[in-house]
Amino acid sequence: MARRVYLHVGTMKAATSYLQALFDDNRDLLAEHGITWHTTRLSQHAVHDFQGSRMLPPRGEGSWKRLREEISGTTGDVLVSMELMARMPEREAKRLVKALDADELRVIVTARDLTRIVPSHWQETTQNRGTATWSEFVAGVCRGKPANPDLDLPFWKNHHLPSIVRTWSSVVGAGNVTVVTIPSTGSGAVWERFASVIGVPAQRAVEPSFGNAALGAASAELMRRLNNRVEGLEFEQYRRGFKVALAKHGLSRRADSEPRVSLAPTQHAWLREASAAMVGELEGLGVRVVGDLGDLVGPAEPGGAGHDPEDSTDAELLDAALDGLALLGERLADAQLTNDRLRQRARGRDEPRRRPLRPLWRRLG
């Protein structure tokens with residue numbers, strides 16, 4: 001049985017994908033320090049399986065049982081990371097902790113300031129079938145008084161830190177909950193802070209090969225509009241074709257050449273006030289903080305003029321669509337060629353040799 005389980009519960013858009021990719025690429029380093037990491041895929045599938053989520057792909061069935069068995073067979077520490085655990089209600093969190101049956105359980109919550117979270121979260125919804133416009137989304141988030149937001153809204157269930165910390169503190173005890181804040185200086189700092197919690201030398205880790213780049217304004221708006229046309233797809237079809245192939249592996253490459261999704265000054269001010277109110281609550285909850293709670297308030301002024309993705313011109317949307325179409329065509333061709341080769345191998349035949357084509361000018365001569 002695992003001696004200790006580190007449960008990294010999120011929050012969403014708070015360096016979770018970066019850290020998970022880093023864990024994947026540094027499994028040997030973690031193992032050297034007595035920590036077993038069972039891959040991002042198993043962590044995510046196991047939590048979906050535990051919750052009975054429709055987001056669990058067919059190949060993920062039985063993942064929760066497999067993770068529990070592997071944890072039971074581990075004598076050292078185990079790390080599990082899945083951002084959707086942050087929003088678990090207390091009853092479900094208790095059920096999960098009981099099922100893990102670890103000698104000791106530590107919960108880690110990574111947190112980022114709301115002025116960065118809100119634009120990032122909206123563009124992520126456009127990669128998960130979201131159809132709400134940016135203006136609709138941010139208006140919903142900034143509804144009510146900053147010190148008393150609408151906690152029934154899905155956004156706040158994922159990002160209201162005092163509620164998340166209270167839930168997990170009630171399950172494992174406040175002394176076993178650590179909040180790791182994410183500064184504006186970059187991802188390296190959050191890994192240094194996280195590594196100090198689990199007792200791993202941060203400087204020996206290699207940077208992950210995978211990045212979860214955000215979409216620019218035009219690409220996010222393109223995805224939002226596309227979502228209205230693919231409502232009939234099964235979740236796994238959508239995930240593979242649109243979220244992964246088109247958005248993550250394609251349109252994200254355009255982010256630096258597009259305007260960023262950004263807040264209007266009044267929205268920025270509302271979120272800073274909400275952040276300050278949350279920090280005030282967190283200070284009284286008795287949990288360990290690695291970093292500075294001031295990191296969670298955000299800059300005094302917006303980084304630039306507010307940009308509404310709905311204002312993207314037809315030319316900007318067309319340019320993004322053409323890049324996306326070109327990439328999907330290339331990926332489809334590669335997939336079909338790979339499928340052909342696999343079929344030939346399955347039939348026991350060698351791949352036919354193709355004569356190289358002569359240059360066009362020779363053929364015409």
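Basis for what follows: all heavy atoms, side chains included, without hydrogens, waters or symmetry-related copies.
A continuous path of ILVMFWY side-chain contacts below 4.5 Å connects Phe23 to Val180, so both sit in one hydrophobic cluster. Residues Leu325 and Leu318 fall into different hydrophobic clusters, defined by Ile, Leu, Val, Met, Phe, Trp and Tyr side chains chained together at heavy-atom separations under 4.5 Å. A chain of hydrophobic side-chain contacts below 4.5 Å, direct or via other Ile, Leu, Val, Met, Phe, Trp or Tyr residues, connects Tyr18 to Val290. The hydrophobic cluster containing Tyr238 does not contain Met55, counting ILVMFWY residues as joined when their side-chain heavy atoms lie under 4.5 angstrom apart, directly or transitively.
No more than 12 heavy-atom neighbours from other residues, nucleotides or ligands sit within 6.0 angstrom of CD on Glu301. Enclosure of atom CZ in Arg288 by more than 12 non-hydrogen atoms of other residues, nucleotides or ligands within 6.0 angstrom is indicated. Counting non-hydrogen atoms of neighbouring residues, nucleotides and ligands closer than 6.0 angstrom, the CZ atom of Arg229 reaches no more than 12 such neighbours. No more than 12 heavy-atom neighbours from other residues, nucleotides or ligands sit within 6.0 angstrom of CG on Asp314.
A distance of 11.0 Å separates CG in Asp308 from CG in Leu263, rounded to the nearest 0.5 Å. Distance CZ/Arg166 to CG/Leu161: 11.0 Å, rounded to 0.5 Å.
No donor-acceptor distance shorter than 3.5 angstrom exists from the side chain of Thr125 to the backbone of Gly130, with no hydrogens or angles considered. In this structure, the side chain of Glu258 engages the main chain of Ala218 through a donor-acceptor pair within 3.5 Å. Of the possible donor and acceptor atoms, one in the side chain of Thr110 sits under 3.5 Å from a partner among the backbone N and O of Gly10. Arg253 contributes a side-chain N or O that, together with a main-chain N or O of His249, makes up a donor-acceptor pair within less than 3.5 Å. The backbone N or O of Val206 sits less than 3.5 Å from a side-chain atom of Asn26, completing a donor-acceptor pair. Between the side chain of Ser219 and the main chain of Gly216, no donor-acceptor pair closer than 3.5 Å is present. A donor-acceptor pair under 3.5 Å links the side-chain atoms of Trp122 to the main chain of Ala132, judged by distance alone. Proximity of a side-chain donor or acceptor of Asn227 to a complementary backbone N or O of Thr126 within less than 3.5 Å is detected.
Listed here is the closest heavy atom pair of Asp24 and Thr39: OD1-CA, 3.3 Å. Across all their heavy atoms, Arg68 and Ala99 have their closest contact at NE-O, 3.1 Å. Contact detail for Met12 and Leu84: the closest heavy-atom pair is SD-CD2, 4.1 Å.
Here Lys145 does not pair with Glu273 in a salt bridge; the nearest charged N to carboxylate O distance is not below 4.0 Å. A salt bridge does not link Glu231 with Arg129: every distance from a Lys NZ or Arg NE/NH1/NH2 to an Asp or Glu carboxylate oxygen is 4.0 Å or more. Salt-bridge check for Asp334 with Arg331: failed, with every basic side-chain N at 4.0 Å or more from each acidic carboxylate O. The pair Asp319-Arg254 counts as a salt bridge, with a side-chain nitrogen and a carboxylate oxygen less than 4.0 angstrom apart. Arg54 and Glu234 are not joined by a salt bridge, as no carboxylate oxygen comes within less than 4.0 angstrom of a charged side-chain nitrogen. Ionic pairing of Glu236 and Lys243 is not present here: no N-O contact between side-chain nitrogen and carboxylate oxygen is shorter than 4.0 angstrom. Residues Arg3 and Asp77 are paired through a salt bridge, judged by an N-O separation under 4.0 Å between the basic side chain and the carboxylate.
Arg106 and Thr178 are not linked by any side-chain donor-acceptor pair at a separation below 3.5 angstrom, with hydrogens and angles left out of the test. Side-chain contact annotation: Asp25 with Ser209, donor-acceptor N/O pair under 3.5 Å present. At a cut-off of 3.5 Å, with distance as the only test, no side-chain donor of His8 or Thr16 sits close to an acceptor on the other residue. In the model, Gln20 has a side-chain atom that pairs as donor or acceptor with a side-chain atom of Glu83 under 3.5 Å. Using modelled atom types, one finds no donor on one side chain facing an acceptor on the other under 3.5 Å when comparing Ser63 with Asp49.
Side-chain rings of Phe194 and Tyr6 stay apart, their centers remaining 6.0 Å or farther from each other.
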Starting from the C-alpha separation in whole Å, work towards a yes-or-no answer on side-chain contact (heavy atoms from CB on, under 4.5 Å) for Leu153 and Arg143. CA-CA 10 Å; Leu153 194 72; Arg143 187 167 57 230; 3.9 Å; yes
Val172 vs Leu7, test: side-chain contact (heavy atoms from CB on, under 4.5 Å). Steps then yes/no. CA-CA 11 Å; Val172 301; Leu7 210 57; over 6 Å; no
Show your reasoning for whether side-chain contact (heavy atoms from CB on, under 4.5 Å) applies to Gln51 and Trp64. CA-CA 9 Å; Gln51 295 180 308; Trp64 175 246; over 6 Å; no
What verdict does the side-chain contact (heavy atoms from CB on, under 4.5 Å) test give for Leu114 and Val141, after you've listed the backbone C-alpha separation in whole Å, the side-chain angles of each residue and the deciding distance to 0.1 Å? CA-CA 10 Å; Leu114 291 174; Val141 170; over 6 Å; no
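Side-chain atoms of Arg4 and Val78, non-hydrogen and from C-beta on, never get closer than 4.5 Å to each other.
The hydrophobic cluster analysis finds Leu332 isolated: no Ile, Leu, Val, Met, Phe, Trp or Tyr side chain comes under 4.5 Å of it, directly or through other members.
Classification of the His121-Phe137 ring pair by plane angle, with boundaries at 30° and 60°, yields parallel.
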